[in-house]
There are 2 protein chains.
Amino acid sequence: MAAIRDDLTYAFGAGRLTPQRQTIAESARSLGRAFTIDDLAEEARYRDPSIGVATVYRAVSAMEATGWLERVGERAGSVLYAQCGAGDRHHHHLVCTSCGRVEPAECPLHDVAAHAATSGFVITNHEVTLYGLCPACLATGS
Amino acid sequence: MAAIRDDLTYAFGAGRLTPQRQTIAESARSLGRAFTIDDLAEEARYRDPSIGVATVYRAVSAMEATGWLERVGERAGSVLYAQCGAGDRHHHHLVCTSCGRVEPAECPLHDVAAHAATSGFVITNHEVTLYGLCPACLATGS
DNA sequence: GTGTATGCAAACTGTTTGCATGGAC
DNA sequence: GTCCATGCAAACAGTTTGCATACAC
């Protein structure tokens, strides 16, 4: 369930939940939008300046491995991550190009088999990312 | 048309077609699959060892700007490019995970509006990449 | 002739790694 | 007590930039 997987204890799976990792995970969740590792490090170091960059990188790798954090795109050569709370179920992402808000999206590929048939490819995997404006940004016209 | 846009003269648009750029563009086309800038530089420098890496980077930027070359994914931290010949028309890519062959694919998102409606997002852009095995790799069982 | 493209090397950015120390379990 | 996680700094990989020269147009 999304509610359960939102819990920080799930962020690192079997890994240790150190104060630094807790700070990093809370920072990721509080950002509430897509972020680069740099964004995350900045937020985490604001809360605890003693946290090193290497720790942030290692923590992100760990959180990505458990699926608590997901890659949702890239910006200026850096990977964008987000904690969307959709858990293990197959899904994609809606990313607001204005504020960076990320929402899980249902998989829109209902006829992948048809494509395989026409091309001769057997499709084993796919990536879909939808970009747009979220309701809040639409309302403010930004 | 794909046939016209396949021509090297279109690769750099209004830019100059120098011998180096011609070599680089021909290398890109002859690879016939997704490649990193490193792969391309290796192929181009095999043909003309005097070509510098910076020139390859600059040429790729130019070819990407005209749409002659497209980003089709990433591998080990580097962007994957391909010359798929689909021209200006809206399309996505089928990438063979075994040999790297790239084929243009029709856009499989026929009901994007429905997603916008349920989420409140207005979708302005999207990225889709399909991964799988091409007929040749299926036949050889690789 | 003008201005873009080139090659080289240095500079940069983002990321990873080695190692001694600290602390979660 | 064991072993994973940390912080620091050095190392690294990929990419970009400055500059003088060459050449496409």
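Hydrogens, waters and symmetry mates are skipped; everything else that's a heavy atom, side chains included, is used. In the text below, chain A, chain B and the rest are named by the order of the sequence lines, each starting its count at 1.
- Listed pair A:Y57 / C:dT16 fails the phosphate criterion, with no side-chain N or O lying under 4.0 Å from OP1 or OP2.
- Listed by residue number, the members of residues 32-55 of chain B with any heavy atom below 4.0 angstrom from DNA chain D are B:A54.
- Look at CD on A:Q22: it is 12 Å from P on D:dT6, rounded to the nearest Å.
- Here the straight-line distance linking atom CZ of B:R29 with atom CD of B:E43 works out to 12.5 Å at 0.5 Å rounding.
- The OH atom of A:Y81 sits 14 Å away from the P atom of C:dG14 (whole-angstrom rounding).
- A salt bridge between B:R89 and B:E106 is present, with a side-chain N of the basic residue lying under 4.0 Å from a carboxylate O of the acidic one.
- Following rounding to the nearest Å, A:I24 (CD1) and D:dT6 (P) show an atom-to-atom distance of 6 Å.
- Under 4.0 angstrom from either OP1 or OP2 of D:dT15 there lies no side-chain N or O belonging to B:R58.
- The side chain of A:R16 has D:dC4 as its nearest neighbour among C:dA5, D:dC4, D:dT15.
- Between the CG atom of B:L8 and the C1' atom of D:dA24 there is a distance of 16 Å, given to the nearest Å.
- Put simply, B:Q20 has no side-chain N or O that comes within less than 4.0 Å of OP1 or OP2 on D:dC23.
- Linking Ile, Leu, Val, Met, Phe, Trp and Tyr whenever their side-chain heavy atoms come within less than 4.5 Å puts A:I24 and A:V79 in one cluster.
- Residue B:T18 places its side chain closer to C:dA5 than to any other of C:dG7, D:dA5, C:dA5.
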side-chain contact (heavy atoms from CB on, under 4.5 Å) evaluation trace for A:T66 with A:Y10: CA-CA 8 Å; A:T66 64; A:Y10 287 80; over 6 Å; no
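- Rounded to the nearest 0.5 angstrom, A:E74 CD and B:E74 CD are separated by 6.5 Å.
- Distance B:R21 CZ to C:dT6 C1': 10 Å, rounded to the nearest Å.
- The structure places CG of B:L80 at 11.5 Å from NE2 of B:H93, a figure rounded to the nearest 0.5 Å.
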